[in-house]
Amino acid sequence: MNILVINAGSSSLKYQLFDMETQEIRAKGLCERIGIDGKFTYKPQVEGKQTIDAADVPMPTHNEAIQAVLKALVDENNGVLKSMDEIDAVGHRVLHGGQKFSESVLIDEKVIAAIEECIPLGPLHNPANLMGIHACAEVMPKVPQVAVFDTAFHQTMPKSSYVYAIPYEFYEKYGVRRYGFHGTSHRYVSAKAIELLGGKAEGTKVITCHLGNGSSLAAVKDGKCFDTSMGLTPLEGVPMGTRSGSMDPAIVEFIANNEKLTASETLTMLNKKSGVLGISGVSSDFRDLDDAAAKGNERAQLALDIFSYSVKKYIGSYVAAMGGVDAIVFTAGLGENSAEMRASISSGLEYLGIEIDAEKNSKRGTVDITGKNSKVKVFVIPTNEELVIAMDTQAIVSKL
Ligand code: ADP
């Protein structure tokens, strides 16, 4: 079975074609600057086939972008498929499923309407995700499509984890509550951790740290999400590459008044110019911060310290919330690749029984980095959101 995984943004569309027999990627790439000047990338993962990296490819809408993807996939010389009919299903990453979706679903008119209803909760992403869905439906009308939501895994949280301490009517009227994101990643790595713990979800307490450009943590009890750090939007929680994370909400009005900004301009600042970029003034990329800090840049070091401190506080709070922890998982760009950040976050948690082994911590891939005296297991587990989307899609379309 061949499954095309699509992650559509407002002017971009990332894609990966999976062969589900081997779970391997046959081709992947990116359509960028859709509606502007069109940039198209195609990387076949098959020997002897050429990569395409082309600028000025006409892509006025997502439809032409999907058409360009299909054309490349079936190209006589560099394609990896004989014909479009070999695509068995499409899996879409959808940002916000609100309270309507607690798992992945086959897309039909009702699902499309429900994703539309969630637009106020995900105003930047959901319309783009819908464009991807509509484009595939037009270009491949007979191919089943599945939606996989970033919020779905977190739908098991108890009310005490997700209701904000603001007038309750705002939850009832507008659905203002914690939803959480990166759910596909938290689900995948927590399930892998449970396998490593012996396979029985019942009774396990796992904390998953998805640390990348966007970062979030989840407390996973009995295999189900119990709490997570992101909120109504991905702005809440730990500081990130460019997002502030949690702070005193009164800062919004204070900055807006002083800088003569509107509420929405202030939020853009909190989403795009804050986090470790805002603190350091150097970069949102943790590798740049490491380099700058090594050269004595104090604000870069401060940004790293604040990030690590914040993740540590969330781990402590989730241990308290679940009444213990069996395993801590590090994943995503920073969590998988930065041994220094994992060591910095773990240091000082020995009193909770959390210790890592310096030598094991320097290894790559899926590794158990648990220290000799640690009561809690610590794992590095590479995430693979696209593969989970492909697997969910396969499971759903296999039942048709
Ligand atoms: P996204 O949230 O965009 O999916 P990723 O999970 O790919 O992000 O993480 C990207 C981030 O991971 C980069 O911005 C970078 O800061 C960090 N990163 C990747 N490799 C390393 C490394 N070796 N050391 C430190 N940070 C790293």
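Every number for a ligand or one of its atoms is a count from 1 in the order of the listing.
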Min N/O separation A332 to ligand 1 under 3.5 Å:
no
Between D285, N337, D290, flag the one that comes closest to atom 23 (N) of ligand 1 by a heavy atom.
N337
Quick one: nearest non-hydrogen protein atom to atom 24 (N) of ligand 1, plus distance?
R287 CG, 3.6 Å
Any nitrogen or oxygen of L334, side chain or backbone, less than 3.5 Å from one on ligand 1?
yes
Are H210 and T331 linked by a side-chain donor-acceptor pair shorter than 3.5 Å?
no
Tell me whether atom 14 (O) of ligand 1 lies less than 4.0 Å from at least one protein heavy-atom position.
yes
In terms of heavy-atom contacts, does OH of Y164 have more than 12 from other residues, nucleotides or ligands at under 6.0 Å?
yes
Check: S216/H186 side-chain N/O donor and acceptor closer than 3.5 Å:
yes
Of all the non-hydrogen atoms in the protein, which one sits nearest to atom 3 (O) of ligand 1, and at what distance?
N213 CB, 3.5 Å
Under a plain distance cut-off of 3.5 Å, with no hydrogens placed, do S83 and E86 share a side-chain donor-acceptor pair?
no
shortest atom 6 (O) of ligand 1-to-protein heavy-atom contact is with G333 N, 2.9 Å
May I ask you to list the atoms of ligand 1 that are less than 4.0 angstrom from any heavy atom of S338?
24 (N), 25 (C)
Using the benzene-type ring in the case of Trp, are the ring centres of H154 and Y162 under 6.0 Å apart?
no
Lys/Arg-Asp/Glu bridge criterion (N-O < 4.0 Å) met for R93, D150:
yes
Using a 4.0 Å cut-off to any heavy atom of F286, which atoms of ligand 1 qualify?
15 (C), 16 (O), 26 (N)
